[in-house]
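Notes for the one structure printed next.
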Amino acid sequence: QVQLVESGGGLVQPGGSLRLSCTVSGFTMDYHAMGWFRQAPGKEREGVSCINTVDGYTYYADSVKGRFTISSDDARNTVYLQMNRLKPEDTTVYYCAFTYTSVQPHQPPPVADYQYSRWGQGTQVTVSS
């Protein structure tokens with residue numbers, strides 16, 4: 001049974017930084033894709049950033065390009081989301097996701113939420129002064 005545990009959320013002032021972590025247990029995330037999604041109340045779930053753990057091929061939503069960085073550490077079975085220059089509109093719950101589908105080198109990661117089958121419990125990020 002694959003389990004994902006997120007950490008790193010919290011309250012930060014506009015312009016500040018946070019780093020989210022997601023550790024996978026019960027499965028080796030190598031050769032799979034991992035993603036970070038967020039969903040604000042009353043809105044659809046949005047793909048923030050995804051990564052092919054084979055070669056680090058990444059995807060970023062336009063709203064976070066240049067501010068967020070996704071990375072993976074296979075030895076720790078952990079994926080990270082470094083969030084810089086945070087804005088109030090980044091406030092919401094962030095979810096980590098895993099797909100059982102294998103990925104190959106040079107293949108872009110899946111970016112739609114329905115392509116991911118295992119989800120973490122979510123971590124709250126609040127950007128406010």
Side-chain angles (χ1 to χ4, degrees):
Q1 182 83 351
V2 177
Q3 291 188 326
L4 284 67
V5 178
E6 299 128 335
S7 62
L11 172 64
V12 64
Q13 292 186 343
S17 299
L18 284 174
R19 188 176 80 155
L20 305 183
S21 300
C22 174
T23 299
V24 180
S25 63
F27 210 91
T28 301
M29 74 178 192
D30 195 15
Y31 278 90
H32 294 268
M34 298 288 296
W36 287 97
F37 294 78
R38 64 188 182 186
Q39 186 169 21
K43 293 187 176 182
E44 293 186 355
R45 187 154 51 188
E46 173 191 20
V48 176
S49 182
C50 304
I51 187 168
N52 174 336
T53 62
V54 178
D55 57 9
Y57 198 132
T58 56
Y59 158 83
Y60 294 97
D62 289 342
S63 57
V64 306
K65 279 182 182 176
R67 300 189 298 123
F68 291 11
T69 303
I70 190 171
S71 61
S72 63
D73 185 336
D74 292 342
R76 290 181 168 82
N77 230 29
T78 299
V79 63
Y80 303 96
L81 185 67
Q82 177 67 43
M83 305 186 295
N84 298 329
R85 292 187 281 136
L86 282 160
K87 304 175 181 180
E89 51 263 43
D90 295 318
T91 296
T92 189
V93 180
Y94 286 70
Y95 298 91
C96 174
F98 166 88
T99 174
Y100 285 107
T101 302
S102 297
V103 293
Q104 300 301 315
H106 314 301
Q107 179 182 353
V111 301
D113 58 358
Y114 69 84
Q115 295 174 294
Y116 290 82
S117 53
R118 304 299 299 180
W119 294 81
Q121 80 284 0
T123 185
Q124 176 70 42
V125 171
T126 303
V127 185
S128 175
S129 55

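All heavy atoms count here, side chains included; hydrogens, waters and symmetry mates do not.
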Query raised in the report: Are Lys87 and Asp90 close enough, and set up right, to give a salt bridge (charged side-chain N to carboxylate O under 4.0 Å, His left out), and what steps lead you there?
Result: CA-CA 5 Å; Lys87 304 175 181 180; Asp90 295 318; over 6 Å; no
Requested in this report: May I have the step-by-step check of side chain to side chain contact (heavy atoms under 4.5 Å, CB included) for Tyr60 and Val111, ending in yes or no?
Outcome: CA-CA 9 Å; Tyr60 294 97; Val111 301; over 6 Å; no
Report task. Apply side chain to side chain contact (heavy atoms under 4.5 Å, CB included) to the pair Cys96 and Trp119, showing each step before the final yes or no. Result -> CA-CA 6 Å; Cys96 174; Trp119 294 81; over 6 Å; no
Requested in this report: List the steps, then state whether side chain to side chain contact (heavy atoms under 4.5 Å, CB included) holds for Asn77 with Ser25.
Outcome: CA-CA 8 Å; Asn77 230 29; Ser25 63; over 6 Å; no
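At least one side-chain heavy atom of Ser63 sits less than 4.5 Å from a side-chain heavy atom of Glu46. You'll find the side chain of Met34 reaches within 4.5 Å of the side chain of Leu4, heavy atoms only. Residues Pro105 and Val54 form a side-chain contact, since some pair of their non-hydrogen atoms from C-beta on lies under 4.5 Å apart.
Not counting sequence neighbours, Asp55 has no partner by the salt bridge (Lys or Arg N to Asp or Glu O under 4.0 Å) test.
Side-chain contact, Thr126 with Thr91: no donor N or O sits under 3.5 Å from an acceptor N or O.
Here Ile70 contributes atom CD1 and Gln82 contributes atom CD; the two are 12.0 Å apart, rounded to the nearest 0.5 Å. Of the inter-residue distances, the one linking Asp113 atom CG with Thr99 atom OG1 reads 12.0 Å to the nearest 0.5 angstrom. Taking OG of Ser72 as the reference point, atom CG of Leu81 lies at 12.5 Å (rounded to 0.5 Å). How far OH of Tyr57 is from SG of Cys50: 12.5 Å, rounded to the nearest 0.5 Å. Atom NE2 of His32 sits about 4.0 Å away from atom CZ of Phe27, to the nearest 0.5 Å. Between atom CD of residue Gln13 and atom CG of residue Leu86 there is a gap of 11.5 Å, rounded to the nearest 0.5 Å.
Within a 6.0 Å radius of CD in Glu89, other residues, nucleotides and ligands contribute more than 12 heavy atoms. Annotation: Tyr31, atom OH; neighbour count of heavy atoms from other residues, nucleotides and ligands within 6.0 Å does not exceed 12. Heavy atoms from other residues, nucleotides or ligands lying under 6.0 Å from CD of Gln107 number more than 12.
With ring centers used as reference points, Tyr114 lies 6.0 Å or more from Tyr116.
Heavy-atom minimum distance, Val103 versus Pro110: CG1-CD, 4.4 Å.
Checked by atom type and distance alone, the side chain of Gln1 never pairs as donor or acceptor with a backbone atom of Gly26 at under 3.5 Å.
Cation-pi check for Arg118 over Phe98 is not met; the charged atom does not lie both under 6.0 angstrom from the ring centroid and within 45 degrees of its normal.
Among Val12, Val125, Val48, the one residue that satisfies the side-chain contact (heavy atoms from CB on, under 4.5 Å) test with Met83 is Val125.
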